[in-house]
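All figures in this text were calculated on a predicted structure; none of them were measured in a lab.
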Amino acid sequence: MKEKWFLINEKDEKEYIDKLMKDINIDYYTAKLLVNRGIKDTTEAYDFLHPSMNEFHDGFLMKDMDKAVDIISSAIISQSKIAIYGDYDCDGVMSTVILYKGLSTLKADFKYHIPDRELEGYGMNCERIKKLNEEGCEVILTCDNGIAAFEEVALAKSLGMKVVVTDHHDIPMFDEDGVMVKRMPEADAVIDIKREDCRYPFKNLCGAATALKLIKCLYEKFDIHNDKWKELIQFAAIATVCDVVDLKDENRMIVKFGLKQIENTDNVGLKCLIEETGLKDRKITATHLGFVIGPSINATGRLESASISVELFTCNDIDKAKELSKKLVDLNRERQELTTDSIESVNKYIEDNNMQNDKVLLVYSVEIHESIAGIVAGKIKEKYYRPTIIMTRGNTMPKGSGRSIDEYNIFEELSKCKEYLEKFGGHPMAAGLSVKEENLSKLRNKLLANCRLTEVDLMPKVRIDFRFPIENINDKIIEVVENIKPYGKGNPAPIMAERNLRVTRVWILGKDKNVIKFRIAMKNSYKTIDAIGFGNIIDNFKSMYEEKYGEEALLKVLDSSYADFNMDIIYVPSINEYNGIRSYQLDIKSIRL
């Protein structure tokens, strides 16, 4: 797929770069990386580079936090039974774990419920609310869900229950006489930073971080030691990475300090999962959370019950924790196999039906397991760079998940098609929905008719921080790169680029042949440097090389590894340590022949 590479323009930002360099005594490259990420204020820049757990915003700034604390604290004091109502994805699981541990510390009478993905679906369920009421629950405390549960909240209230909603998803929009208005369920307290009347200064927390805020405020109410809440940051860090929220402000602090906790965690379940996934004795990064730990947690909710994951992280028996960890990893392997097959099937369907140029992709397949619809949608979106909705067979009607691109707010666009939706929720980049089968084609047609994406919008953009000759890579620039970590949405890895580099060797490595290594000659020198790429880099290299030099030339290079061609690269410099030898290495993000 063609990409648009562009160097972030420094001209309009020079005054900010110069100011940061002077005011907080940093080098040019660090200042430029901060400004490129929208960090231009001196105080914000200093806090970014020197985060402190004392800089967290006051949770009581959240609208209804005082009401929620009063309701939950009254229930704790009177020993009224509280039901934590969670969700089956990683964010929902971690939210539930945080509330579980927090309420345990406060000696509350509580239970938790994670919905069954297939039987109950996302969010609150009326039949489950009736059952919780029968079991004596007097307060429902949601996490990572509830902001769209109008009917369910009304039912709970009619049964005499109190409802506290903690969520982070966008406030539902309704068409009232041609005007889109936002509405919320009439719970006793609704904590959601997306509320327009919420004064909380940071609007990008995930569900688990929102739950963490509630527990911190409850601890303050009960005069629990000020540092006790910090033990829960590790769980919020996992959710923050896996829910793909911007790693800025508090999210960056949560992940940075959470990673330190995870490396030395005393949580039995997390320790066992780290060992089972092969991460023991390794420096755990945000990438490990997003691509190893998180998917293992998610797999339980996709293929069995997410309660298995909650049980793991609240378990103190090491033998039980080892058994549960193995279960998570085995389920994730099964999920990976299902995903691979499903992606191939959807790709074939799109090509066979000549849909690859549709500006919005909507595919209905009864063969796809509904639990992996979101993953498949994400992979298809990446391949075609188009908003993608994958619908699967649900219990009563098709259910699905959508994943979007930066230029398309999928939540708003689906809000314009409410007449065809039975249930939906989400945010600008992702959504879940239920649609009657007879309305699927109508939904697809309306999404396509409403779509205003241009050809430029549908071309992936690679923003390059600065051009940097590979001959100049040294420990100082590596330190600059390290200081920007952890990477993620809103804080991508520093992207550097260089043109016209001569490649002398090419290898495809790994048990699954999923790694490509280039040996690159430095200009005006006999020295070389190795560059490593993964996944799509391999396919892109093969197709580009074959197109430029022919199939026979490609086979010859791959067979012998010897090469002689020039390539433009986008990369991140790093350190490779092998057998005690330390060397610079390039982590390739994109290539051009």
Whether [Y] and [X] form a salt bridge (side-chain N of Lys/Arg under 4.0 Å from carboxylate O of Asp/Glu) is what I want to check.
X   : Y   : answer
K22 : D18 : no
E15 : K19 : no
K67 : D70 : no

Hey, does the Lys NZ or Arg CZ of K40 hover above the aromatic six-ring of Y16, less than 6.0 Å from the centre and inside 45° of the axis? yes

Determine whether the side chains of [X] and [Y] contain a donor N or O and an acceptor N or O closer than 3.5 Å.
X    : Y    : value
D144 : H168 : yes
T42  : D23  : yes
N145 : D87  : no
Y578 : Q585 : no
T287 : Y487 : no
E231 : W229 : no
D89  : N298 : no
N409 : H427 : no
H225 : D227 : no

Under 3.5 Å donor-acceptor, [X] side chain and [Y] backbone:
X    : Y    : answer
N251 : T240 : no
T388 : R386 : yes
N474 : I477 : yes
K32  : D465 : yes
N491 : P486 : yes
K248 : R37  : yes
T504 : A563 : no
S543 : N540 : yes
K517 : W507 : no
T277 : I274 : yes

Carefully, step by step, assess N514 and I508 under the rule side chain to side chain contact (heavy atoms under 4.5 Å, CB included). CA-CA 7 Å; N514 61 347; I508 294 182; over 6 Å; no

Taking the side chain as every heavy atom from C-beta outward, state whether [X] and [Y] have any atom pair closer than 4.5 Å.
X    : Y    : answer
Y219 : L106 : yes
K213 : T210 : no
D568 : I591 : no
S590 : E3   : yes
F518 : I532 : no
F48  : D249 : no
L453 : I405 : yes
I588 : I570 : no

Report the distance from atom [atom1] of [X] to atom [atom2] of [Y], rounding to the nearest 0.5 Å.
X    : Y    : atom1 : atom2 : answer
I470 : M496 : CD1   : CE    : 12.5 Å
I529 : S583 : CD1   : OG    : 8.0 Å
C272 : L328 : SG    : CG    : 11.5 Å
R252 : F257 : CZ    : CZ    : 9.0 Å
H169 : D192 : NE2   : CG    : 9.0 Å

Residue pair [X] / [Y]: nearest heavy atoms and the distance that separates them:
X    : Y    : result
R403 : S401 : NH1-CB, 3.8 Å
A31  : M21  : CB-CG, 3.6 Å
D406 : M429 : OD1-CE, 3.5 Å
S404 : I410 : CB-CB, 3.9 Å
A239 : A208 : CB-CB, 3.4 Å
V572 : A493 : CG2-CB, 3.9 Å

If you draw a 6.0 Å radius around [atom1] in [X], do more than 12 non-hydrogen atoms from other residues or ligands fall strictly inside?
X    : atom1 : value
K203 : NZ    : yes
F291 : CZ    : no
K523 : NZ    : yes

How would you list all residue pairs meeting salt bridge (charged side-chain N to carboxylate O under 4.0 Å, His left out) that involve residues 260-276, not counting sequence neighbours? E263-K283

Can you pull out every salt bridge (charged side-chain N to carboxylate O under 4.0 Å, His left out) where at least one residue sits in residues 502-512? Sequence neighbours excluded, please. R502-D564

Would you say the rings of [Y] and [X] are close, in the sense that their centroids are separated by under 6.0 Å?
X    : Y    : answer
F468 : Y29  : yes
H57  : Y200 : yes
F541 : F565 : yes

Test side chain to side chain contact (heavy atoms under 4.5 Å, CB included) on R452 and D457 and set out the steps. CA-CA 9 Å; R452 296 293 176 263; D457 292 334; over 6 Å; no

For D197, which of R199, K194, R195 qualifies under salt bridge (charged side-chain N to carboxylate O under 4.0 Å, His left out)?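 Of the listed residues R199, K194, R195, the salt bridge (charged side-chain N to carboxylate O under 4.0 Å, His left out) partner of D197 is R195.
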
Please report the C-alpha distance between M53 and K230 in whole Å, then the side-chain angles of each, then the deciding distance to 0.1 Å, and finally whether the side chain to side chain contact (heavy atoms under 4.5 Å, CB included) criterion is met. CA-CA 9 Å; M53 281 202 269; K230 294 176 183 176; 3.8 Å; yes

Consider side chain to side chain contact (heavy atoms under 4.5 Å, CB included). Of T285, N332, L279, V329, which one does V292 pass it with?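 Considering T285, N332, L279, V329, a side chain to side chain contact (heavy atoms under 4.5 Å, CB included) with V292 is found only for L279.
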
Could you pull out all residues at least two apart from E407 that satisfy side-chain hydrogen bond (donor to acceptor under 3.5 Å, both in side chains)?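 E407: side-chain hydrogen bond (donor to acceptor under 3.5 Å, both in side chains) contacts with Y385, K461.
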
Residues F60, E220; criterion side chain to side chain contact (heavy atoms under 4.5 Å, CB included); working and verdict: CA-CA 10 Å; F60 280 105; E220 288 175 23; 3.5 Å; yes

Taking Y584 as the fixed residue, which of N576, D530, D475 is the one that meets the side chain to side chain donor-acceptor pair (under 3.5 Å) rule?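 So the option named by the test is D475.
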
